[in-house]
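All values below were derived from every heavy atom in this structure, side-chain atoms included, with hydrogens, water molecules and symmetry-related copies excluded. Proteins get letters first, then strands, A, B, ... in listed order; numbering begins at 1 in each. Since this is a predicted model, take the numbers as computed values, not measurements.
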Amino acid sequence: MDFADTPDEAAFRAEVAAFLKANARPLAGGSGEGPVDDSHVARARAWQARRAEAGFAGITWPRRFGGRGGTPMQQVIYAQEEAKYDVPAHVFEIGLGMCIPTLMAYAPPEVSARYVGPALRGEEIWCQLFSEPGAGSDVAGLRMRAERDCEDWVVNGQKIWTSGAHFSDFGLLLTRTDPGVPKHRGLTMFFLDMRSPGVEVRRIRQISGTSNFNEVFFTDVRIPDAQRLGAPGEGWTVALTTLMHERLAIGSLPGPDFGELLELAKTMQVNGQPASRDGAVRERLADWYVQSKGLEYTRMRMLTALSRGQMPGPEASIYKAVSASKIQEIATFALDLMDSAGMVSDPQTAPMRAVFQEALLYSPAGRIAGGTDEILKNIIAERVLGLPGDIRVDREAAFNALPAS
Amino acid sequence: MDFADTPDEAAFRAEVAAFLKANARPLAGGSGEGPVDDSHVARARAWQARRAEAGFAGITWPRRFGGRGGTPMQQVIYAQEEAKYDVPAHVFEIGLGMCIPTLMAYAPPEVSARYVGPALRGEEIWCQLFSEPGAGSDVAGLRMRAERDCEDWVVNGQKIWTSGAHFSDFGLLLTRTDPGVPKHRGLTMFFLDMRSPGVEVRRIRQISGTSNFNEVFFTDVRIPDAQRLGAPGEGWTVALTTLMHERLAIGSLPGPDFGELLELAKTMQVNGQPASRDGAVRERLADWYVQSKGLEYTRMRMLTALSRGQMPGPEASIYKAVSASKIQEIATFALDLMDSAGMVSDPQTAPMRAVFQEALLYSPAGRIAGGTDEILKNIIAERVLGLPGDIRVDREAAFNALPAS
Amino acid sequence: MNFEFSEELGAVRAQAQSFLRTHASGSARRSLEQRTGFDAALWEQVGRLGWLGAAIPEAFGGIGLGEEGLCVIAEEVGRSLAALPFASSAYLAAQAVLLFGDAGQKARLLPDLARGSAIGCFALAEGPGAPSPEAVRAVLAGGALTGRKAPVVDGGIATLAVVAVRDHDEVGLCVADLSTVGVSRDGLDTIDPSRNVAALSFDRCPAEWLPGARGWPAVMRLLDRAAVLFAFEQLGGAQASLDMARDYALQRRAFGRQIGSFQAIKHKLADVYIAIELARSNAYYGAYALQSAAGDMTEAASAARVAATHAFELASQENLQTHGGMGFTWESDCHLFYRRAKHLSLVLGAAPFWRDRLVGALEFRNAA
Amino acid sequence: MNFEFSEELGAVRAQAQSFLRTHASGSARRSLEQRTGFDAALWEQVGRLGWLGAAIPEAFGGIGLGEEGLCVIAEEVGRSLAALPFASSAYLAAQAVLLFGDAGQKARLLPDLARGSAIGCFALAEGPGAPSPEAVRAVLAGGALTGRKAPVVDGGIATLAVVAVRDHDEVGLCVADLSTVGVSRDGLDTIDPSRNVAALSFDRCPAEWLPGARGWPAVMRLLDRAAVLFAFEQLGGAQASLDMARDYALQRRAFGRQIGSFQAIKHKLADVYIAIELARSNAYYGAYALQSAAGDMTEAASAARVAATHAFELASQENLQTHGGMGFTWESDCHLFYRRAKHLSLVLGAAPFWRDRLVGALEFRNAA
């Protein structure tokens, strides 16, 4: 065993490193990503254009659409190297990671040709509009209605949890076109211009105070039939393509880990000695180290598989299943170590600039967004272990005969 | 708040205490219950006769059947006081706690009159034959066939997990008399003489080495129709009466608790000091204390309700739900404290006469027998919290159309 | 066997519950969004109802319901999430004066605390770490108090403070009027902005000892007693969280069924129920020990506190989780419970402190 | 990125798996019921296959597959539950001689250990408690070993023992032939009677130092290396437990459905899967550290050991639980895994010892 690149991988890594060194500043502490405001989006567009110019955008995409025609391992190597630099990358993750691959799979070549290039060069940003207030874990239970009217479809309803909707140019939209058939069979996928009349975007405020998501309201929005992806009623199949790409993007969540806790434990006191000497603290430090390293090495095993030409599957669900609740537990435990002062969340006052207090408030979202703990365990049980699906009462009944939530 | 008896309760307690003091030896360490061999059963019969003679058997039963016509609280007071004495009581728990109450509820008065007295006086012991190899948590899925033949029923099949079958005189037997209707509607209840031709009892060896249970095989066993309880096809309703009485009997399970662990922790070393000084050990001691006291005080709250004339309900499920896995966790943790010597199970050598090693081996059964962890949580969710039942696919189909396990 | 609150206190509970349902609804959210940390109008009403004097004898302006009465009200305050300095004033400041004050102090301070015209707070911590005598560095010497206490819950809105101080080697409690010169207050941002928290600085501020509270054991006695009352407040919050989760699980549908029909949700909420029942039973025993001056007050208080902290944290986390995406939005009330659960778990010694204290008491008893 | 065993070792694994499926089936049950604690016939075959010499150089009679080769075989031995003194002899005794013996000792001892004609055991503990130099009281002085070691896994069937001893203040390892006078052995009943465990008493028994193993750090170095190999054996047992549980959950029906369709079972087994994957990944890193002599051997070994102990204990417990009533009968194999899981978790320092060791190493690295 070793952690070395193959000769091809090493050559590609060197090429990437040279590009980055010439074009970006190395990270100097922090995540390098500030709040997603207009200027951030502008910087992200500029960086995406630079990447594309250098041939590092769409690394795995076909050359005919402007991609590099490279391997998934090259994609990973690029991401590993880029993570060392202070560049604004997240703005394009959903569009390039999920929406455009779906477009390339289902749109006629001339349509793809129109949209792929601008997306690749950061000129147009895409978002994904699937979830609804009544359709979260159960995406296929969505109600947004699209009705045919001559050459257009008329769309009414509400989407939610739409990352980046407020700065996106285009959106991938899953709608219900036939409520009279079972739920999975009455869906149709479209893409649309987010500036279409009747589209209204509102930010959602989270308990952490930030707004990573939006609600998007549709009132008589007209979408040309030419912007349909896949046949009417085939939207679920199209959506599975998108969601498959989402799963590949799931990683462990950022947040304080055993290292931060060890640092804290050295400065806190328990019974007159450093908390790091306390058995209960040491037990947790050890267990969280083992979990974190376990995830890190699991990723290396998956990369090894990728490097050998295999594709990782639903096993990747364990990242979020483990790390989401771990962050919440670490935050809770760290606050307990500070005792009453643990309630103070002012970064000027709280130990370690309040990383633990912040984590207390954002970690609950980590256990829900992008798949709840419960959905992830279902995925592992069904798709990895091969256990049966839950009993479904909604498979065969017409959608409009199901009770509403 | 106080823990005092009402005047009536105090008078009854004094009466019980006087009887016990005159007729039994106080407990001197240990549970007072040895292995259930022939001599134990004989002692148990003798003690039951003495109790009955003094009016302390069937405390809550009607006087017309030889009971005392007392209150559930008197039953509890008797049990509390008796628990201080070295008397063999468990042999009759199932018969008097579950079988005879079912008989009294469903048999004609003259039949009850024949059986209740002998059971009360310890002359006849009863067991309960419900579970089968293919019907554990799902008792109503049982397959044992009873077919009508003139004035008799002919029974074939196998029962399992039958406590005390090898020393019982009579049994309460749930059978399937109509496989052509949905599962809950095709059952019929009988009682039978355990010495009937065709009944064969085999002991089951558990991993702890003891045999608390039996398998019972039925080959063309004939049961007179007069020994049917309830109408044919009404067996499930009759069984619910029996099972309701079972639930009331559930208590916390015996096994090592925080007290034993504290004692061990004082003699084991962690990093050169007594393990009881180690933070991880202290955390567990505290949490297990809180759990145990929580159960103890919960019982007091239920007794208060009982004393006020209310009946405890499915809330009692929390005893076993908490204590079964607690014992397994305590045993596991205690062995870890001993490190490699924790594997030695010889009571002469192992710390504290190997209570923790023994608990390691018997505790898994505690999480299963009398309701698995999973079933208990379902009961709490459905019957206490009012959440919906699991989706049932077996409610309406004919039993013989269901796939076999 | 009479291990339940009396019928009289049952009536007190019913009245408190119904009053708070009407008047405290939205109290926490208003306090959170307007950053007042305090619902002044509700406080005035609560004072008029006599709740603040529940455990204060009638001779000092209370209504003499006893400690059990205060437990019952504490549970309802917790359930309602009311943004009140109730705990600071009634469980800590008033109890300190009642337990440790001399006759003059009781007569002077308790009536105002009982009617709510005075608001008390309790100033123990001086930065991170569990309660300990060594951590008390504020000094009271010659009637002048100097030091900095933080965080002090309700420190920004209180009129008087019970303060842990030292005079050379001796640690104890004193009482200080917060309107005098030499007191400065700085508001602190916390994880639960529906509650007021401040740093209090005393610069040669006039203060007087509570004569009965000299020595660390007296401070711990106050903490033990308050821990039971906090446990009831936490219990109320835990039960409200579970009720909210259950109602949502019955109402919300996914995959064509109520989400409460999935075992993942059912067993999660069963676990929460179990934690709450264990906490309730331990809290009851705490109330019994509080009222009856039982010999095992430390074990009773520690167990009640540990169990209630666990129950409210778990219940509020899993309530949020049960609500899915809506759970982590600002508009949902889930985060109000989640914040309050952590706030209450930290306010008077966190769980590790109480676990250690519990085992210490068990060792002592076992050795004795 | 090449974080996977080589194709060659993949073939070794396949061969081992297939051999053990045929020849080790029932080995643990026979050993348990006949109280032999040992499957002698299987041991002979395993010796002939060269497995015992997997990590022993060819010069000393081994087959030179390296430490990674031994890891792969260890996982398969664990999966099969084979009742063999494999760990005692191959991970501990042979490794001790290889690491710390002089040329003469290696030449004399290793070939027999490699072919299985000698069986080694490792005698460290002297009663309850985690490994520590202070707990070593057996004395080697003037070539004579005196002391009592218990428990010693495979102590009743081994032909030679590597023994932790002291000479005044210095602790280290020596090797003793168990057929000499002065050795007495007493069998010990344990929670896993499928394995032999004994107390070994040495009364002025001839023994010789392993020259490289003077000082406690050398003992710990052996433990670190063995911990990785034990982790693979535990991992194999954990995976076999999960496979058994999944198969049963697919086959067994209740309430008209496969029990594997209930979320309570699905999520339980998902938790087991997660524990196993984390353990597997940590064990892989342990194998890498073992083979490459990486600088973080202690962290790698401790993490592998802690994760594998947790995984096998959880997997074997929940396999039993998934089987319901059948799970706790003597006839079911569930208890064989359950017993072995606890046996393996105790055999070389239990989880608390390794957690403490891990954090100690992290503190040291962090401070350095």
Side-chain angles (χ1 to χ4, degrees), chain A residues 131 133-138 140-141 160-161 183 204-209 213 267-272 278 280-281 328 332-333 335-346 349-351 357 360-362 364-365 367-369 372-374 377-378 390 392-395 397 402-405, chain C residues 124-132 134-135 150-153 188-193 195 197 199 251-259 262-265 268 309 313 317 320-321 323-332 334-335 338-339 342-343 345-353 355-356:
Chain A
S131 299
S137 295
D138 178 18
I160 197 169
W161 313 125
K183 58 195 284 190
I204 296 172
R205 188 174 179 195
Q206 294 157 234
I207 65 179
S208 57
F213 303 103
T267 64
M268 295 292 119
Q269 297 273 310
V270 169
N271 285 327
D278 178 73
V281 176
Q328 189 172 37
T332 301
F333 186 73
L335 267 56
D336 282 349
L337 274 186
M338 301 175 206
D339 208 272
S340 64
M343 69 177 67
V344 179
S345 59
D346 179 352
T349 314
Q357 284 78 12
L360 184 84
L361 295 180
Y362 66 67
R367 292 179 55 196
I368 295 165
T372 63
D373 289 359
E374 292 75 19
K377 288 193 183 168
N378 255 18
D390 295 337
R392 293 293 293 265
V393 295
D394 60 343
R395 278 250 180 253
L402 295 174
S405 64
Chain C
L124 171 58
E126 302 181 25
S132 81
E134 294 76 24
V152 180
V153 177
L188 294 173
D189 288 340
T190 74
I191 53 168
D192 182 8
R195 298 299 312 278
V197 181
Q251 165 225 317
R252 172 79 177 183
R253 290 176 164 273
F255 305 102
R257 344 173 357 187
Q258 292 161 291
I259 62 169
F262 287 102
Q263 284 188 336
I265 300 291
K268 179 198 296 298
T309 291
E313 290 195 353
Q317 282 173 10
L320 194 157
Q321 180 73 12
H323 277 72
M326 300 312 302
F328 64 81
T329 63
W330 189 265
E331 280 63 37
S332 160
C334 293
H335 68 114
Y338 179 68
R339 292 172 188 275
K342 198 65 213 167
H343 170 93
S345 82
L346 293 171
V347 75
L348 185 84
F353 168 81
R355 288 200 192 96
D356 189 65

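Of the candidates C/R339, C/H335, C/K342, C/R339 is the only one forming a side-chain contact (heavy atoms from CB on, under 4.5 Å) with A/L361.
Using a 4.5 Å heavy-atom threshold, the side chains of C/D192 and A/M343 count as separate. At least one side-chain heavy atom of A/D336 sits under 4.5 Å from a side-chain heavy atom of C/L346. Counting only heavy atoms from C-beta outward, the side chains of A/D390 and C/F255 never approach each other to under 4.5 Å.
Between chain A and the options C/R195, C/R257, C/Q263, C/E134, heavy-atom pairs under 4.5 Å are most frequent for C/R257. Heavy-atom pairs under 4.5 Å with chain C peak, among A/D346, A/N378, A/L360, A/D373, at A/L360. Taking C/L188, C/I259, C/V153, C/T190 one by one and counting their heavy-atom pairs under 4.5 Å with chain A, the maximum is reached by C/T190. Your options are A/V393, A/V281, A/I368, and the one with the most heavy-atom pairs under 4.5 Å with chain C is A/I368. Note on C/G127, C/A150, C/G349, C/S332: by heavy-atom pairs under 4.5 Å with chain A, the leading option is C/G349. Highest contact tally toward chain C, considering only A/A341, A/S131, A/S345, is held by A/S345 [criterion: heavy-atom pairs under 4.5 Å]. Chain A forms the most heavy-atom pairs under 4.5 Å with one residue out of C/G324, C/A199, C/P352, C/A264, and that residue is C/G324. Ranked by heavy-atom pairs under 4.5 Å with chain C, the list A/Q269, A/Q328, A/K377, A/M268 is led by A/Q328. Between chain C and the residues A/M338, A/Q357, A/R205, the most heavy-atom pairs under 4.5 angstrom are made by A/R205. Residue with the most contacts toward chain A among C/A125, C/A130, C/S345, C/A135: C/A130 (heavy-atom pairs, distance under 4.5 Å).
With a 4.5 angstrom heavy-atom cutoff, A/I204 touches chain C only via side-chain atoms. Contact of C/V197 with chain A is made through the side chain alone, with heavy-atom distances under 4.5 Å. At a 4.5 Å heavy-atom cutoff, the contact between C/L320 and chain A is made by backbone and side-chain atoms alike. Looking at A/A365, both its backbone and its side chain come within 4.5 Å of chain C, counting heavy atoms on both sides. Only the side chain of A/F213 comes within less than 4.5 Å of a heavy atom of chain C; its backbone N, CA, C and O stay farther away. Both the backbone and the side chain of C/T329 come within contact range of chain A, judged by heavy atoms closer than 4.5 Å.
The two residues A/W161 and C/M326 have their closest heavy-atom pair at CZ2-N, 3.6 Å. Contact between C/R253 and A/P403 at its shortest, heavy atoms only, is NH1-CG, 3.2 Å. For C/P128 against A/P351, the heavy-atom pair with the smallest separation is CG-CG, 4.1 Å. C/Q321 approaches A/T372 most closely through the heavy-atom pair NE2-CB, 4.0 Å.
The distance from the CZ atom of C/F353 to the CG atom of A/L337 is 14.5 Å, given to the nearest 0.5 Å.
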Show the numbers, then the answer: is there a side chain to side chain contact (heavy atoms under 4.5 Å, CB included) between C/Q317 and A/T332? CA-CA 11 Å; C/Q317 282 173 10; A/T332 301; 4.0 Å; yes

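With sequence neighbours left out, A/D394 forms a salt bridge (Lys or Arg N to Asp or Glu O under 4.0 Å) with A/K183, A/R392.
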